Amino acid sequence: MLGYVARRLALLGLMLFGLLCITFAISHVVPGDPARLAAGPDATASMVETIRAEYGLDQPLSVQFWRYVRGIARGDLGRSLRTRETVGSDLLRYFPNTFELVTGAMLIAVGLGVPLGILAAVYRDTWVDHLTRVVSVSGVAIPAFWLGLMLQLLLALDWGLLPLGGRLGLMQAPPAPITRLLVVDALLRGQWATVADAFAHALLPMVTLCFPALASIMRVNRAEMIETLRQDYIVNARAQGISDVRIVGRYALKNAMVPTLAMIGLRYGWMLGGTVLVETVFDWPGIGLYAVSSAVSSDFQPIMGVTLLLGLNFMLANFLVDLAYGWLDPRTREAGAA
Amino acid sequence: MSASLRLAAAVVATLTLALAAPAPAFERSGDRKILVFAGRQEVPTIDPSVKYDWSIRMAQQSLYDALVKYVGNPPQIVPWLAERWESTPDAKTWTFHLVKNARFHNGDPVTAEAVRFSFARTLKLNQGPAWMLSDFLKEDGIKVLDDSTIQFNLSQPYAPFLSFLPWWYVMNGKQVLASEQGGDLGQKWLTTNAAGSGPFKIKRWEQGVLYELEAVDNYWKGWPSKDHVGGVIYKIVREAGAQRAALLRGEADIVEGLSTDDFDQVAKMPGIVVPNFPGMTTFGIKMNTQKGPTKDPNFRKAVCYAFDYDALVKIYNGHAVLETSPFPNATRGHVAVPGIYRQDLAKAKEFLAKSASPNGGVELEYVYVQGLEEERKLGLVLIDNLQKLNITVKMVPLIWPNMVARGSKPDTSPDMMAVFTTPVSTDPDAVAYQYHKNSWGKYYGSSFYANDDVWALIDRARTTPRWEERAPLYAEIQKRIAADAPEIFGMLMNRRWAMRDHVKGFQFSPVRFTGEVDLYPLAIVAK
């Protein structure tokens, strides 16, 4: 198992370096002069050159790349021309918000998607199955931003049940950071009003974000469960008089979960980088918005920082799924070692 | 009841309270009435020497004071930190006498030395507003005569000098230098901290989320109203629909940047007012005068005469006025140029016949900002209008950085580029200089306009001290630029904000940027 983990980690490092090279190349071949944009529309040529020199943009690309790689080795992701902060500190500010949003959404998606998938499989071709099919098709078909706006209009504007957007109420001060995860920090500091306010603000964006993931998880879980319930060992278990609940919960679910887990891992990695529309609609100060704001300002260093972080997340999610595969299905582990 | 059950009950109770809490008309903090401004643009820095745009300047104007200030419509320059000033007849030496009672937020007096430090810092960093004065003012030209008198000795006469000073904010040098890191002149610290003497000070600064300012109770200048706001929360709301919803729900007191239709719609709703004023932001379609079919002046004139100007106003539901000169109406010395272009197909065909493409048969590229609906609609108008001259138009939406990059060189600048421009001062030089060779490469210089006579006139006008002599020069400049038709001179879009009707004291000044509001005179009067 250790050898398996080491090989996967080495591959992960190589992939990250590849990602770094590609991102750097793309960022620097697209049109746009970041120094001019940062200097402002009225800046003189000498002002633009001042910015260019300050940020090392006057150096040849090879030098810039070498400096960047050297910086990363030291944990320095560079500085943002737009925010004037280090990219590291910007990521620390925005990424925890996205992490909380995506994790919460995924928990809802898994918490609802897996049981609904099981129910749809067990009660196949009944009204339960048809109802879950409506949910799953809607989840795939409805664009997140539209759903977000509709939920916002109905639950926040018309009914006034939930806040329109943002991370916390205007007069609610965030807790002093410990983990930088707002809800966790508020819990750790015992600020219950902040916890409640944060949940109230998170509910709509999380529901909006979880919907497509919920649909996918439900569909995959249903299909796998139907396939598993047809297996001989399940028929055998039934013949032995084992209860349906025990068969599903104890024997079928573990096998049906292998592909579902892969789906969850992929979805989770994808969601960490695909939240920008939901973040925009709900003013959620997350990494997606940071990335887009940086991209429209041709601010290269944050774009590369975000890409690296999201690439790392995606790879880690897949890595963890691979490990979970090995745990759920020992044949995968053995195949990897061969 | 177990501890975990009690905890769960507490969480449920607070959550229920949070969910059920009605949205207040405005926020309160103790006895302070807090105004909530929902804006789409972040405030990445508040360092007065480093950067400005509308949201940054709104914060800077609130946290800092300058020697003088723009107020009113038409904009007037009024004394602020300087109670009076005088200049020599050649406009080379300017002396300012400071008020004696101005105090920075930490209690230090605002002195001539602080003014010297602030100007020198901006010139040294060579960023933000430095371009306004750097050709005329050097660090050694700033002299402290005594604690409350400062003198600026310019390297050559510069008549518009005073018109730029409202944007040169005065910092507390002692505070800034005490926060210096690695010789950065306090840049890192001033990104999110202030060392000013303005009517507000920073209370909260959550980058990318919200920025809270608190009114300075004993502001040295006093407050114009007893109901003045006790603080302002500038909240980032990035989506226009969410801004509108926040306003209607009472979660925001002021919003900016709604669509034309949204502004019209909310203006009819009870409890909402929409101030609506002609602005100084011009919209023009810049034509590349150095390359392609638009290099030919006759061709450009044909395009100018073919364009349906009324469509511009209709796109904004009537909330715009047509330009009558290359200069905005609020610019000092503006003249309505006789015979400014209006749609006239006969004339368009006449000029086309004189051009190198007498029968049309060419395709022009129209570049505009991706996602800007009004500019897209104008592209459709161009397609329709120029079809009549047998000219086809290819619409190319680009994101702003790519558009700026395209417009930075004559070889890459598109045939036509949609450009909004807001001059930073009311002095005509601020607009005239956009047509000077030194503006080539900037987004508003993307027509690469070239006319040696006009350039000479611009250079002469900016160094001529007396207005009586400058005014005719600018009248001539406007006429000559219009005659050369480097762009379709479009319109001046009205500036609008939507606000709750308990917000009082709003003062419009067209010289401020698009969404910018002077927060100082605002008051909240609860019904």
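We use all heavy atoms of the structure for the numbers below, so side chains are in, but hydrogens, waters and symmetry mates are not. Chain identifiers are assigned alphabetically (A, B, ...) following the order of the sequence lines, protein sequences preceding nucleic acid strands; residue numbering begins at 1 within each chain. Just so it is clear, the model here is predicted, and its values are computed rather than measured.
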- Message: How close do A/Gly160 and B/Arg249 get, counting heavy atoms only, and between which atoms?
- Response: O-NH2, 3.8 Å

- Message: Tell me the closest heavy-atom pair linking B/Ala242 and A/Asp283, and the distance in Å.
- Response: CB-OD2, 4.4 Å

- Task: Go through A/Arg36, A/His201, A/Gln152 and name the one with the most non-hydrogen pairs under 4.5 angstrom from chain B.
- Result: A/Arg36

- Task: Name the option with the most non-hydrogen atom pairs under 4.5 Å to chain A; the candidates are B/Thr191, B/Thr45, B/Val237, B/Ile399.
- Result: B/Val237

- Message: Between B/Pro401, B/Gly445, B/Ala405, B/Pro44, who has the most heavy-atom pairs with chain A when the cutoff is under 4.5 Å?
- Response: B/Pro401

- Okay, B/Ile236 and chain A: the region with an atom under 4.5 Å from a heavy atom over there is backbone

- Message: So for A/Glu279, is it side chain, backbone, both, or neither that comes closer than 4.5 Å to the heavy atoms of chain B?
- Response: neither

- Message: Using heavy-atom distances under 4.5 Å, tell me whether A/Tyr94 contacts chain B through its side chain, its backbone, both, or neither.
- Response: side chain

- Message: Counting only non-hydrogen atoms closer than 4.5 Å, does A/Ile51 touch chain B with its backbone (N, CA, C, O), its side chain (CB onward), both, or neither?
- Response: side chain

- Query: Between A/Ala43, A/Pro34, A/Ala39, which residue shows the highest count of heavy-atom pairs closer than 4.5 Å to chain B?
  - Reply: A/Ala43

- Message: For B/Tyr52 and A/Asp42, which I'm curious about, is there any donor-acceptor pair between the side chains at under 3.5 Å?
- Response: yes

- Answer with side chain, backbone, both or neither: which region of B/Val424 has an atom nearer than 4.5 Å to a non-hydrogen atom of chain A? side chain

- Query: Which of the residues A/Gly165, A/Ala45, A/Ser46 is involved in the greatest number of heavy-atom pairs with chain B at under 4.5 angstrom?
  - Reply: A/Ser46

- For B/Thr192, is it the side chain, the backbone, both or neither that has a heavy atom under 4.5 Å from a heavy atom of chain A? side chain

- Query: For the residue pair B/Glu251 and A/Leu164, what are the closest heavy atoms and their distance?
  - Reply: OE1-CD1, 3.6 Å

- Give a yes or no on this: more than 12 heavy atoms of other residues, nucleotides or ligands lie within 6.0 Å of atom NZ of B/Lys409. no

- Message: Please rank A/Gly166, A/Gly169, A/Ala295, A/Pro174 by heavy-atom pairs under 4.5 Å with chain B and give me the top one.
- Response: A/Pro174

- Give, as side chain, backbone, both or neither, the part of A/Ser297 having an atom under 4.5 angstrom from any heavy atom of chain B. backbone

- Please report the closest heavy-atom contact between B/Tyr443 and A/Pro41, naming both atoms and the distance. CE2-CB, 3.2 Å

- So what's closer than 4.5 Å to chain A heavy atoms on B/Leu125: side chain, backbone, both or neither? backbone

- Atom pair NZ/CG of B/Lys235 and A/Leu170 - distance to nearest 0.5 Å: 6.0 Å

- Task: Compare all side-chain heavy atoms of A/Glu54 with those of B/Gln127 and state whether any distance is below 4.5 angstrom.
- Result: yes

- Item | A/Leu153 versus chain B, the contacting section by heavy-atom distance below 4.5 Å | neither

- Message: Given heavy-atom pairs under 4.5 angstrom as the criterion, report whether the side chain, backbone, both or neither of A/Ser298 touches chain B.
- Response: both

- Taking C-beta and beyond as the side chain, do A/Arg84 and B/Asp47 meet within less than 4.5 Å on heavy atoms? no

- Among residues 202-211 of chain B, residues within the sub-4.5 Å heavy-atom range of chain A, in order of number, are B/Arg204, B/Glu206, B/Gln207, B/Gly208, B/Val209, B/Leu210

- Contact part of A/Ala38 toward chain B, heavy-atom cut-off under 4.5 Å: side chain, backbone, both or neither? backbone

- In plain terms, say whether B/Glu42 and A/Arg82 are close enough for a salt bridge, that is, a side-chain N and a carboxylate O under 4.0 Å apart. yes

- Item | Heavy-atom side-chain contact between B/Val404 and A/Asp33 under 4.5 Å | no

- Item | For chain B, the option from A/Gly40, A/Ser80, A/Ala156, A/Ala173 that forms the most heavy-atom pairs under 4.5 Å | A/Ala156

- Message: Using 0.5 Å steps for rounding, measure from the OG1 atom of A/Thr44 to the CG atom of B/Asn126.
- Response: 5.5 Å

- Between A/Asn97, A/Val281, A/Leu289, which residue shows the highest count of heavy-atom pairs closer than 4.5 Å to chain B? A/Leu289

